[in-house]
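Beneath this line is the structure, given in structure tokens, with notes to follow.
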Amino acid sequence: MHIGNSLSREKERFTPYNPPYVGMYVCGPTVYSNVHLGNVRTFLTFDIVYRYLLHLGFKVRYVRNITDVGHLTGDTDDGEDKIGKKARLENIEPMEVVQRYTNDFHDVMRVFHILPPSIEPTATGHIVEQISMIEKIIENGYAYASNGSVYFDVRKYAENHNYGALSGRRIDELQNQTRALDGQDEKRDPLDFALWKKADASHLMHWPSPWSEGFPGWHLECSVMSTKYLGKAFDIHGGGMDLKFPHHECEIAQNMGAHGPEEPVRYWIHGNMLTVNGRKMSKSEGNGFTPEELITGNHKLLEKGYSPMTVRFFMLQGHYAGTLDFSNPALQAAEKGLERLMTAWGLFGDLAPVDGAEGHPDVDALRDRAYAAMNDDFNTPMLIAVLYDAVKVVNSVAGGHMPITEEGISALRALFDQFAHDILGLVPETQDGAGTEDRSDHLMEVLCAVRAEAKANKDWATADLIRDRLGALGVQIKDSKDGTTWTFD
RNA sequence: GGUCUGGUGGCCGAGUGGCUAGGCUCAGCUCUGCAAAAGCUGCUACAGCGGUUCGAAUCCGCUCCAGACCUCCA
């Protein structure tokens, strides 16, 4: 298997440090507002990585954090904690903010069938560890305290480390660009970043430390929690493209500043952005959808509602490393495509072997291509193309156009179960009121029997009446040689 | 300005130095009482200009265009 490593900018063969164990860390959300679809895309990307590694038999420890403190609204010293700000605005405790949006995040993950990680640590749960990591970095000479805050000494670090290796930035160029920023009096150098910030009187979230009553810096929690649960050097670190700099660059610096020269992460994976009309989806642009808006279609940029599975499928039709543009025609195409895939998948129930000397489908070849697609940097669009070839096979067999053996059918079924279900996480969307399904199926059988009787008598008026009236209710009738089937909207 | 992505047929979106991606749309055919579904067929693209090559959309250079990051953002 090969992974596109953003550290080397090349596809590299995946070899874990300690097989069959794999450690994977993904930067989770900051829980101060609702997640939008752009966030969902990133977590979906790593859901696929996680699922595929599990499918291959790896024992994966998947750590995805919740950032519940520490990120400021701006770079200046008077910048306010986002969570604190929200708490002030809504007149509630910061931890209420955190809880509310953590719950929301979990709900959204569930709606999109994104598996929960093995460990979901929070920044506030690791204040002690963060303080001790700062102490280590100071001990090693890469950080200094100043007026109750602690800063990472980027210049000092860069003397014997390659700061900027991940993002391709050169320190001298960064220097030029940062010079203009203000509110940096405490720093020795504008490039330095905070490990600990002294809290001013208005700050709601603060903890005691050797330096001041304050709160941890922006990038520290991920270094601390990845080290704690995955070790000083682990296999995969993921996150959105927009975290590459400065967040991940700082993480590397903190890890190496604290623990020594070993690269903390072997494979960096960055998911690309979701765009809307060519623009990055973000909260400030007002072009982000919440899942609710998406499902109901209640948003000015949406022509109609789209189901979570449609969106999941749509996102998987593009490769994670490229940007993906969110548009109504593209969503509608995905909706139809998914329906065709699901319909074929549902046909397995009544698929029977068909005799024939020649023209048997080569299911082994399909499976090989499916693995080849996933092994090539989790190429889900290519996998989906393979699945569509399998759809054609299923439909041909179902239509009696193609011979197949009993083994062929079960191999085909396994292909769908493993790749569409286990790996892509696609499941048929449940109709409202699952408990009523049996009864409505029985009712449909009755109606179809009546209609078959009418058709046998060439009473087309009655047959069409039944079909049209059911169609108006959202039930599609499809006749074939072997009988009649139906689908619900 | 720097760093980094990308520009593919009507739309979305893969990929590869030479051989059909796939989905959606559209047209035709088969099947069918009609319809739908399904199957088959067609619409054959790779920003522009140079270069390397027997051969490039795929490699190299330049140009143009778009986007992201460089301040919090998945």
Side-chain angles (χ1 to χ4, degrees), chain A residues 6 9 26-30 32-33 35-46 70-76 79 82 164 167-170 172-174 176-178 181 218 238-247 249 270-275 278-285 288 313-314 317-319 321-338 340-341 343-344 347 369 373 376 379-389 391-392 394-396 398-402 455 458-460 463-464 467-468 471 476-481 484-487:
Chain A
S6 13
R9 295 174 185 81
V26 171
C27 291
T30 304
Y32 70 100
S33 65
V35 294
H36 60 69
L37 265 326
N39 307 113
V40 170
R41 186 186 183 202
T42 295
F43 300 124
L44 173 61
T45 293
F46 295 101
H71 286 239
L72 302 184
T73 51
D75 184 46
T76 52
K82 281 176 178 168
S167 53
R169 270 156 239 257
R170 280 186 288 276
D172 290 317
E173 286 161 0
L174 285 170
N176 293 337
Q177 291 139 29
T178 332
L181 293 172
W218 319 344
M241 200 72 117
D242 46 1
L243 294 182
K244 210 175 188 180
F245 188 90
H247 183 63
E249 202 71 70
H270 287 98
N272 215 323
M273 299 294 102
L274 184 67
T275 60
R279 297 255 159 208
K280 176 183 173 182
M281 181 180 281
S282 70
K283 284 161 191 166
S284 54
E285 294 243 8
F313 184 70
F314 165 71
Q317 276 187 306
H319 187 75
T323 54
L324 182 68
D325 198 54
F326 201 91
S327 70
N328 284 289
L331 260 296
Q332 279 156 32
E335 189 172 55
K336 288 196 178 178
L338 177 64
R340 198 159 85 87
L341 188 71
T343 303
L347 250 35
R369 284 170 56 208
D376 184 12
N379 196 326
T380 53
M382 203 182 247
L383 171 58
I384 288 171
V386 174
L387 288 176
Y388 274 110
D389 286 343
V391 164
K392 265 183 197 165
V394 171
N395 285 331
S396 295
H401 306 304
M402 187 182 271
K455 282 172 68 180
K458 296 204 187 316
D459 178 3
W460 309 126
D464 290 350
R467 186 172 63 197
D468 294 345
Q476 270 66 52
I477 293 291
K478 297 167 195 168
D479 292 334
S480 74
K481 267 186 210 141
T484 298
T485 59
W486 62 89
T487 56

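Here is how names work: the chains are called A, B, and so on, in the same order as the sequence lines, proteins then strands, and each is numbered from 1.
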Look at the side chain of A:R467 and the base of B:rA35, then say whether one donor and one acceptor between them are separated by less than 3.5 Å. yes

Would you classify A:G399 as touching base, sugar-phosphate or nothing, given that sugar-phosphate means primed atoms plus P, OP1 and OP2, and contacts are heavy atoms under 4.0 Å? nothing

Just to be sure I understand the rule, does A:L324 reach a base, reach only the sugar-phosphate, or reach nothing, if contact means heavy atoms closer than 4.0 Å? sugar-phosphate

If we take the C1' atom in both B:rC4 and B:rC11, what is their distance in whole Å? 28 Å

Donor-acceptor pair present, A:D464 side chain and B:rG33 base, under 3.5 Å: yes

Determine the interatomic distance between C1' on B:rU58 and the same-named atom on B:rG51; round to the nearest Å. 15 Å

Rounded P spacing from B:rG55 to B:rG18 in Å: 14 Å

Which nucleotide, in any strand shown, forms a Watson-Crick or G-U wobble pair with B:rA66, with both distances under 3.5 Å? B:rU5

Hits for side-chain hydrogen bond (donor to acceptor under 3.5 Å, both in side chains) against A:S396, two or more places apart or cross-chain, chain-then-number order -> none

A:F245, nearest nucleotide to its side chain (from B:rC69, B:rC4, B:rC12): B:rC69

Give the rounded distance in Å between these two atoms: NZ of A:K458 and P of B:rU32. 12 Å

Where each residue is assigned the nucleotide of RNA chain B containing its nearest heavy atom, which of A:G239 and A:S396 is assigned the position nearer the 5′ end? A:S396

Could you report the tightest heavy-atom contact between A:E249 and A:S167, atom names first, then the distance? OE1-OG, 2.5 Å

OP1 or OP2 of B:rC34 sitting under 4.0 Å from any side-chain N/O of A:K455? no

Rounding to an integer number of angstrom, what distance separates B:rC73 and B:rA56 when you compare their C1' atoms? 40 Å

Report the distance from atom NE2 of A:H401 to atom P of B:rA38, rounded to the nearest whole Å. 12 Å

Would you classify A:M281 as touching base, sugar-phosphate or nothing, given that sugar-phosphate means primed atoms plus P, OP1 and OP2, and contacts are heavy atoms under 4.0 Å? base

Give the rounded distance in Å between these two atoms: CZ of A:F326 and C1' of B:rA74. 15 Å

Looking at A:N395, does any N or O in its side chain come under 4.0 Å of the phosphate oxygens OP1/OP2 on B:rA38? no

Anything under 3.5 Å between a protein N or O and an N or O of nucleotides 15-19 of chain B, put it in a table, one pair a line.
residue	atom	partner	partner atom	Å
B:rG15	OP1	A:N379	ND2	3.3

What does B:rU16 pair with, Watson-Crick or G-U, if both distances are under 3.5 Å? none

For the C1' atoms, the ones on B:rG28 and on B:rC43, what distance do you get once it is rounded to whole angstrom? 11 Å

Whole-Å distance between B:rC11 P and A:L331 CG? 18 Å

Using a 4.0 Å heavy-atom cut-off, does A:H36 contact any base of the nucleic acid, only the sugar-phosphate backbone, or nothing at all? base

With A:L274, which of A:D325, A:N39, A:L324 fulfils side chain to side chain contact (heavy atoms under 4.5 Å, CB included)? A:L324

Between A:K392 and A:D389, does at least one N-O distance fall below 4.0 Å, as a salt bridge requires? no

Rounding to a whole Å, what distance do you find between A:M273:CE and B:rC73:P? 11 Å

Which nucleotide in the list B:rC4, B:rG33, B:rC70 gets nearest to the side chain of A:R9? B:rC4

What interatomic distance, in whole Å, is found between P of B:rC46 and the corresponding atom of B:rC19? 14 Å

Across all strands, who's sitting opposite B:rA27 as a Watson-Crick or G-U wobble pair, both distances under 3.5 Å? B:rU41

As its Watson-Crick or G-U partner within any shown strand, both distances under 3.5 Å, B:rG33 has none

So which one's nearest nucleotide on RNA chain B is more toward 5', A:G240 or A:R369? A:R369

Which one, B:rG33, B:rG2, B:rC72, comes nearest to the side chain of A:R170? B:rG2

Could you tell me whether A:S167 contacts a base, only the sugar-phosphate backbone, or nothing, with contacts defined as non-hydrogen atoms closer than 4.0 Å? sugar-phosphate

Between the protein and nucleotides 56-62 of chain B, which nitrogen or oxygen pairs come in under 3.5 angstrom?
none

Residues two or more places apart in sequence or in another chain: which of them pass side chain to side chain contact (heavy atoms under 4.5 Å, CB included) with A:T42? A:F46

For every nucleotide of nucleotides 22-31 of chain B, 5' to 3': is a protein heavy atom under 4.0 Å from its base (B), only from its sugar-phosphate (S), or from neither (-)? SSSS------

Take atom CG of A:D242 and atom P of B:rA68, then tell me their distance rounded to the nearest Å. 11 Å

Between A:L243 (CG) and B:rA68 (P), how many Å, whole number? 16 Å

Results of side chain to side chain contact (heavy atoms under 4.5 Å, CB included) for A:S6 - residues two or more places apart only: A:K244, A:W268, A:H270

P atoms of B:rA47 and B:rA21, separation to the nearest Å: 15 Å

Within the structure shown, what part of the strands sits under 4.0 Å from A:G271 by heavy-atom distance: base, sugar-phosphate, or nothing? nothing

P-based separation of B:rU16 from B:rU5 [nearest Å]: 16 Å

